[in-house]
Each structure stands twice: as structure tokens, then as C-alpha cells.
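One structure is given here, and the rest of the page talks about it.
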2 protein chains.
Amino acid sequence: MPVSTIEWAGRLGGHVRMVDQTRLPLELAVIECRTVQEVWEAIRHLRVRGAPAIGIAGALGAVLAVQDSPAGTVEAFEDELRTACAYLATARPTAVNLFWALDRLQRTAAQHRHLGVLALKDRLLAEALVILEEDRAMCRRIGEAGAGLLRDGQGVLTHCNAGGLATADYGTALGVIYRAHEQGKSLHVYADETRPLLQGARLTSWELMQAGVEVTLICDSAAAEVIKEGRVQAILVGADRIAANGDTANKIGTYGLAVLAREHQIPFYVAAPASTFDLATACGEAIPIEQRPGEEITEGFGRRTAPHGVRTYSPAFDVTPARLITAFITDRGLLWPTFAEAIQRVLI
Amino acid sequence: MPVSTIEWAGRLGGHVRMVDQTRLPLELAVIECRTVQEVWEAIRHLRVRGAPAIGIAGALGAVLAVQDSPAGTVEAFEDELRTACAYLATARPTAVNLFWALDRLQRTAAQHRHLGVLALKDRLLAEALVILEEDRAMCRRIGEAGAGLLRDGQGVLTHCNAGGLATADYGTALGVIYRAHEQGKSLHVYADETRPLLQGARLTSWELMQAGVEVTLICDSAAAEVIKEGRVQAILVGADRIAANGDTANKIGTYGLAVLAREHQIPFYVAAPASTFDLATACGEAIPIEQRPGEEITEGFGRRTAPHGVRTYSPAFDVTPARLITAFITDRGLLWPTFAEAIQRVLI
């Protein structure tokens with residue numbers, strides 16, 4: 001079982017418990033947040049990261065902010081909640097999941113204002129736990145849908161971190177591996193270190209080791225040789241955004257792996273929830289590619305390793321064309337080609 | 001023009017001048033070695049690296065050791081030379097080029113012992129400079145042979161460092177780029193950073209900038225996207241060892257680039273001197289693959305970035321099958337498929 005990234009300890013009057021991801025992989029430090037300020041600080045300083053996990057942290061932080069409210073009227077209570085949510089939203093000003101979760105809590109309060117302050121507090125905690133539970137259930141459905149694709153004794157290559165640390169539970173791509181592992185299948189995962197930010201080295205290899213799954217860390221450039229040597233029988237990655245035709249944006253390096261999978265005739269699977277499919281985007285060419293700062297290449301981790309003034313090019317992700325993808329593993333089941341039809345049929 | 005990695009300053013009675021590669025890319029420090037001990041130290045501590053450059057350093061170091069010898073007889077002089085060579089050989093106990101160059105100097109002395117001590121000193125310096133000159137001429141012939149393959153305005157992707165820093169002059173793959181640049185062609189080089197040891201970041205990008213060639217540094221995992229975006233029209237790499245059928249061992253990551261070149265229908269060139277072709281090795285399967293220590297992955301940037309105890313797999317190079325190579329650029333001209341025949345015809 002993977003480590004629990006974030007959870008609520010106790011009932012109303014409890015607090016938030018989370019893994020401090022900035023201390024990984026060298027130390028598993030669990031922090032207990034008892035104030036909304038502590039949650040804000042944890043989000044701000046990336047102690048909790050990954051879109052779903054940040055949303056959950058925001059919702060639980062809002063509960064912390066108001067659970068001991070002395071407000072005598074629902075109006076005063078709603079004011080406090082609004083203030084707390086506005087404050088939490090400033091912790092990561094570009095985190096869409098954070099705003100979404102905070103909005104959801106405020107809508108819940110508005111819909112249940114007839115309950116009165118005390119019952120509203122309970123209702124808000126319940127809603128925050130529903131957000132967490134929905135994420136957990138989503139991970140489990142993905143894991144269940146995909147586990148049958150992996151066979152006992154196989155090697156599996158993964159890239160970046162599509163794991164439990166970014167979610168309330170299993171993760172997406174790693175969720176499939178965890179579920180297959182629970183089914184008693186012996187798997188060996190090869191984890192790309194994933195330059196420039198080394199999510200594979202820092203997070204994926206750590207959480208797989210914690211879960212008791214065999215893992216070998218490799219340089220990104222060694223993946224081709226690992227595949228050529230027959231060490232892996234499948235490649236399994238997550239996704240940042242999937243277009244209506246199945247073209248998939250994911251961490252830089254994913255596209256090259258898909259080409260290698262085709263060359264060596266091994267399956268290439270993408271695991272992602274329905275919410276990652278962006279039906280308003282027709283195809284991969286329409287997905288804008290974010291650029292990362294050059295310092296992540298030239299000063300990898302604290303020490304400069306490239307000439308001053310060198311030009312860099314660092315796209316954050318690449319787009320894998322649908323034709324190179326064997327199947328999507330979603331919380332609504334497996335999608336097989338042709339993807340444009342399968343996506344329309346299952347996700348709308 | 002690239003920087004001169006190593007040279008002899010003056011005539012007999014002069015000294016060795018070399019770039020301290022351990023200070024690169026942040027500083028261009030030139031060190032002047034006036035004693036054999038200083039040369040030994042420079043080889044030992046990787047101030048000079050790259051097989052050809054190490055051989056040249058060894059030969060020049062041996063000259064330094066004996067140029068002021070007070071020996072009254074040829075026998076005494078040869079004893080001094082033998083002692084100096086045995087000492088220099090301990091600086092990098094696995095450097096084949098070092099032993100080869102030191103042997104060559106001793107054979108030269110044996111062949112010319114009739115000249116007497118004074119003339120022998122001159123003869124040894126001349127021989128060391130011939131070794132340097134042969135390397136320089138080899139680089140120039142490779143550059144000349146390959147430059148015609150590159151066209152004005154093209155982008156070229158390279159991996160690792162097959163450049164001037166490893167040789168007396170131009171380098172191999174980079175020699176082709178330098179020669180095309182001298183011909184007035186405007187090229188843009190994309191340099192893979194080349195994990196785990198970052199030769200692309202530390203050396204290739206530095207020497208191209210020094211030579212006035214436009215260069216952009218990228219993560220290894222971004223190469224596929226750079227190719228897909230149409231930024232490069234050729235891939236050009238060096239080689240560690242080439243089998244009789246053309247299968248080529250080179251820095252880990254090369255094979256994946258060759259697959260991508262084929263997928264995107266751009267040429268994949270390998271630049272190497274005749275001495276890199278190993279006709280005793282029938283094909284790539286017969287080339288043993290050296291493993292690098294895991295710490296280069298887990299503590300790559302001077303700071304640990306992976307969990308303690310994590311398993312690693314770090315092959316130093318991979319083998320690109322001959323069928324993925326467009327042409328070899330050698331000091332005896334271009335070789336085109338079928339390579340088994342071309343190699344036999346040109347290199348034997």
C-alpha cells in the first residue's frame with residue numbers, strides 16, 4: 001500500500017495530517033496542521049503537491065479555519081468561510097484544483113445555510129472528505145481497470161510521478177501497478193529519473209519502495225537500452241491533458257518512449273481520470289506547450305553545471321500522438337482505438 | 001575555432017600547456033606543466049580527459065621527464081625514460097591510449113639509440129608532436145569528410161562530447177560542425193545534457209560557445225520533442241567502438257536518438273576515426289556494456305536526490321544497430337551502406 005499523502009485526523013475538531021514532500025526522498029516527515037495558516041504554508045512551500053492533493057488540502061484547510069468559529073449567525077459564518085477561502089487561494093495562485101475545491105465548499109455552505117452554524121460545520125467537513133473520497137475512488141477505479149493489463153513477472157517502465165503522492169491515494173499510472181501488486185503479481189518497475197525536476201528519482205522510486213514494489217531507477221537516456229534488452233513488457237504513464245482525438249500531453253520525454261514502445265512492439269498505456277480528457281481540444285497541435293526556466297537544466301540541484309549564458313530549451317511536456325497509444329486506463333474503464341469514438345462514447 | 005586542449009610551448013626545454021577541464025564550464029583555466037609530476041597529477045585528476053588527449057599528455061609528460069636528463073650514456077637515458085613512462089602509466093591505469101603513447105615513445109628511443117642522448121631528446125619531442133599532429137590531422141580529415149553533409153541554416157542534434165576537448169584539435173562529431181562553420185554555414189546545434197555525467201552541459205555547450213557556434217542545451221528527454229518540432233535536420237554523434245558490421249557503441253542515449261531519427265526520416269551520422277572500428281568484433285551483441293556506479297544517478301548534482309538504498313541500472317553506453325545509421329564519417333572518407341562491405345573495403 002502506498003503512503004497516505006494527506007488525510008483528516010479525527011472528526012470535527014480534528015486536524016490535517018500530510019507527508020512533507022519537500023523532505024522526500026531522504027526522510028518521511030509527517031506534519032500535523034492545526035491551523036489554516038499551517039495549511040497555507042504547506043501548500044505554498046510545496047510540502048503538498050499534485051493537483052488533486054492540493055485541492056484536498058485546500059478544502060481541509062478551509063474546514064480548519066471555521067470549525068471553531070464563534071459566529072452566532074449563518075451570515076457571519078459564511079463571511080468567515082469566504083475570508084478563509086480567499087486566503088487559501090493565494091497559496092498557489094495557478095492551482096485550478098485549489099480554486100475548484102474552495103468554490104465547492106462555499107457552494108455547499110450556501111446550499112445548506114438553513115441547517116444553522118453548528119450543522120454547517122459538520123456538513124463542510126463531510127464535503128471536504130467527499131472530495132478526498134472521490135479522488136480515492138477515482139484512483140481505485142483506474143487501478144482496477146488497468147491491473148489486468150499487467151502480468152505476473154513483467155517489467156514496467158514509467159516516467160515522472162503519476163503516483164500516490166499527487167493524489168489522496170493510489171495515483172493514476174502507479175495506481176495500476178499498486179493494484180496489480182495487491183493482486184499478487186510480481187512486477188519490476190523501471191523509473192525514469194525525469195529531468196529536469198527528477199520526480200522519478202525523488203518521488204516515484206520512493207513511493208514504490210514504500211509500497212514494497214521492486215523498482216530500479218534509471219537515467220532518462222537509458223530507457224531505450226532497458227527496452228532493447230527486453231527488461232520491460234509495457235510502458236505506463238500518466239497524462240496532463242488529453243485531446244478529443246486521444247493525443248496526449250504529458251511530462252517531457254513521454255513521446256520518445258511511445259516511439260520506442262512502437263519500435264519494440266510493446267504496449268504503451270496512459271492512465272488518467274475522465275477529468276483529464278479535454279473534449280474542447282480537438283487534437284495535440286492545439287495544446288500549448290509550457291516552457292520551464294533554463295536554470296532547471298543549468299543549475300539542476302544547487303550547483304551550476306553549464307556555461308553562463310548558454311541558451312536552453314526546456315518544454316515542460318510533449319504530445320504523444322494517439323496512434324502510438326495502445327489504450328487509455330480511466331476511471332470509467334479501458335478505452336481502445338479508435339480513440340476519438342471511444343472518448344465520445346465513454347466520457348460524454 | 002575550438003580552444004586548444006593541450007599543446008607544447010616552445011621547443012626542447014619547453015613545457016606542456018593544457019586546459020584544466022575540471023574548471024569548465026565556469027572558468028577557462030590554462031595550466032602550464034613544467035614537471036612530469038604536474039602532468040601525472042593533471043591526468044590523474046581529469047584536468048585532461050578524452051582518450052586521444054590523455055595519450056598526447058602522456059607522451060609530452062615523458063618528454064618533460066627526460067629533456068633535462070644529465071645521463072651520460074644512452075643506457076642511463078633509456079632507464080630514466082622507462083622509469084618516467086612507468087610512473088605516468090599509473091596516472092590512469094585503464095587508459096589504453098596512455099599506454100600506447102608511452103610505448104611508442106620508448107620504441108622510438110630504442111630505434112634511435114645510435115643518435116646519442118642529446119639527439120634522442122630532440123627525437124622524442126618530435127615523436128610526441130607527431131602523435132599530437134596525427135590526432136589533429138585525423139580530426140581535420142573527419143571534419144572535411146563530413147562538412148558537406150551539413151547545409152547552411154540546418155539544426156543539428158548531438159549527444160555527449162565528441163569534441164575538441166577530448167582530442168588535440170577539432171574532435172570527431174564536433175569537428176564536422178566546426179568545419180561546416182568555417183565554410184560559412186550557419187548551423188544551430190542542440191546539445192543533449194547527457195546524464196549521468198553531463199558532458200553535453202559541461203563540455204559540448206562550452207566548446208561550441210567558445211568556437212562561436214550557436215548552441216542550445218536541452219535535457220536528454222527533450223530530444224524527441226526537438227526532433228518532432230522540426231528543429232534539427234540531422235543527428236551527429238561520435239563512437240566508442242564500431243563492430244565489423246557497423247553496429248556502434250556510444251554514450252547511453254544514442255540508440256534512442258537513432259530510433260527517433262528513423263521515425264522522423266532525418267539522417268543519423270556517426271563520426272569516428274578508423275581506429276574506432278574494431279574488426280575483431282563481428283557485431284553489436286559481442287560488445288560488452290560497462291556499468292557506471294549508481295551514485296552518478298542518485299547523487300548526480302552533488303546532492304542526494306534519490307532514496308537511500310534505491311536500486312539503479314546505469315549502462316555507460318548502448319549499441320545502435322547498423323541499419324539505423326545513415327553514414328559513417330571517418331578520416332578515410334564517408335562510408336555508406338552496406339557497412340560490412342564498406343568497412344572491409346576502406347579500413348583494411
Side-chain angles (χ1 to χ4, degrees), chain A residues 24-26 159 190-196 198 201-202 205-206 209 214-229 231 251-257 259-260 262-263 289 294 296-315 317-319, chain B residues 24-26 159 190-196 198 200-202 205-206 209 214-229 231 251-257 259-260 262-263 289 294 296-298 300-315 317-319:
Chain A
L24 294 177
L26 300 186
H159 192 67
Y190 285 83
D192 279 355
E193 65 171 359
T194 317
R195 280 283 281 154
L198 299 175
R202 294 187 295 110
S205 66
W206 180 85
M209 287 169 80
E214 274 198 16
V215 56
T216 294
L217 179 64
I218 61 172
C219 288
D220 303 323
S221 59
E225 175 67 15
V226 163
I227 295 166
K228 187 157 168 271
E229 291 177 6
R231 292 171 180 265
K251 179 67 71 239
I252 187 74
T254 302
Y255 165 62
L257 295 176
V259 171
L260 286 163
R262 178 60 50 95
E263 170 82 7
I289 296 196
E296 293 175 356
I297 304 181
T298 59
E299 299 175 18
F301 277 79
R303 191 155 76 79
R304 191 161 181 104
T305 50
H308 287 291
V310 69
R311 192 188 323 240
T312 57
Y313 181 58
S314 191
F317 53 83
D318 55 29
V319 175
Chain B
L24 294 177
L26 299 186
H159 191 68
Y190 285 83
D192 278 355
E193 64 172 0
T194 317
R195 281 281 280 151
L198 299 175
R202 295 187 296 110
S205 67
W206 180 84
M209 287 170 81
E214 274 198 18
V215 57
T216 295
L217 179 63
I218 62 172
C219 289
D220 303 324
S221 59
E225 176 67 16
V226 163
I227 296 166
K228 186 157 169 271
E229 291 177 6
R231 292 171 178 264
K251 178 68 69 235
I252 188 74
T254 302
Y255 165 62
L257 295 176
V259 170
L260 286 163
R262 177 61 49 96
E263 170 82 7
I289 296 197
E296 292 175 357
I297 304 180
T298 59
F301 300 91
R303 189 157 77 81
R304 191 161 182 104
T305 50
H308 287 291
V310 70
R311 193 188 322 239
T312 58
Y313 180 59
S314 191
F317 53 81
D318 55 30
V319 175

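Lettering of chains follows the sequences in order, A, B, ..., and the numbering in each one begins at 1. What you see is a predicted model; the values in this text were computed from it and never measured.
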List the atom of [X], the atom of [Y], and the distance in Å for their closest heavy-atom pair.
{"X": "A/Cys219", "Y": "B/Ile297", "value": "SG-CG1, 3.8 Å"}
{"X": "A/Ser205", "Y": "B/Pro307", "value": "OG-CD, 3.2 Å"}
{"X": "B/Ile252", "Y": "A/Ala222", "value": "CG1-CA, 3.7 Å"}
{"X": "B/Asp318", "Y": "A/Glu225", "value": "CB-OE1, 3.1 Å"}
{"X": "B/Arg311", "Y": "A/Thr216", "value": "CD-OG1, 2.9 Å"}

Under a 4.5 Å heavy-atom cut-off, does chain A meet the side chain of B/Asp220, its backbone, both or neither?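 Side chain only.
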Under 4.5 Å heavy-atom distance to chain A, tell me which part of B/Arg195 shows up: side chain, backbone, both or neither.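 When you check distances to chain A, atoms from both the backbone and side chain of B/Arg195 fall under 4.5 Å.
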Say you draw a straight line from [atom1] of [X] to [atom2] of [Y]; how long is it, rounded to the nearest 0.5 Å?
{"X": "B/Thr305", "Y": "A/Arg202", "atom1": "OG1", "atom2": "CZ", "answer": "8.5 Å"}
{"X": "A/Tyr255", "Y": "B/Ile227", "atom1": "OH", "atom2": "CD1", "answer": "8.0 Å"}
{"X": "B/Thr312", "Y": "A/Ile218", "atom1": "OG1", "atom2": "CD1", "answer": "10.5 Å"}

Count the heavy-atom pairs under 4.5 Å between each of A/Glu193, A/His308, A/Glu296 and chain B, then report the option with the highest count.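 Max contact count across the listed options: A/Glu193.
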Could you have a look at A/Met209, A/His159, A/Arg303 and say which one has the most heavy-atom pairs with chain B under 4.5 angstrom?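 The option with the most such pairs is A/Met209.
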Side chain, backbone, both or neither: which part of A/Pro315 has an atom under 4.5 Å from a heavy atom of chain B?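 Contact with chain B is through the side chain of A/Pro315 alone.
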Interface moiety of A/Ile289 toward chain B, non-hydrogen atoms closer than 4.5 Å: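 Only the side chain of A/Ile289 comes within 4.5 Å of chain B.
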Main-chain N/O of A/Gly256 paired to B/Lys228 side chain as donor or acceptor, under 3.5 Å: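 Side chain of B/Lys228 to backbone of A/Gly256, a donor-acceptor pair under 3.5 Å: no, none is there.
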Output all residues satisfying side-chain hydrogen bond (donor to acceptor under 3.5 Å, both in side chains) with B/Arg231, sequence neighbours left out; order by chain, then residue number.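 Per chain and number, B/Arg231 pairs via side-chain hydrogen bond (donor to acceptor under 3.5 Å, both in side chains) with A/Tyr313, B/Tyr190, B/Glu229.
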Got a sec, which residues hit side-chain hydrogen bond (donor to acceptor under 3.5 Å, both in side chains) with A/Glu299, two or more places apart in sequence or on another chain?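 Here the qualifying residues are A/Arg304.
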Can you tell me which of B/Ser314, B/Ala224, B/Gly300 forms the most heavy-atom pairs within a distance under 4.5 Å of chain A?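 It is B/Ala224.
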Looking only at heavy atoms and a cut-off of under 4.5 Å, which of B/Val226, B/Leu26, B/Leu257, B/Leu198 has the most pairs with chain A?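 Sorted descending by pairs with chain A, the first entry is B/Leu26.
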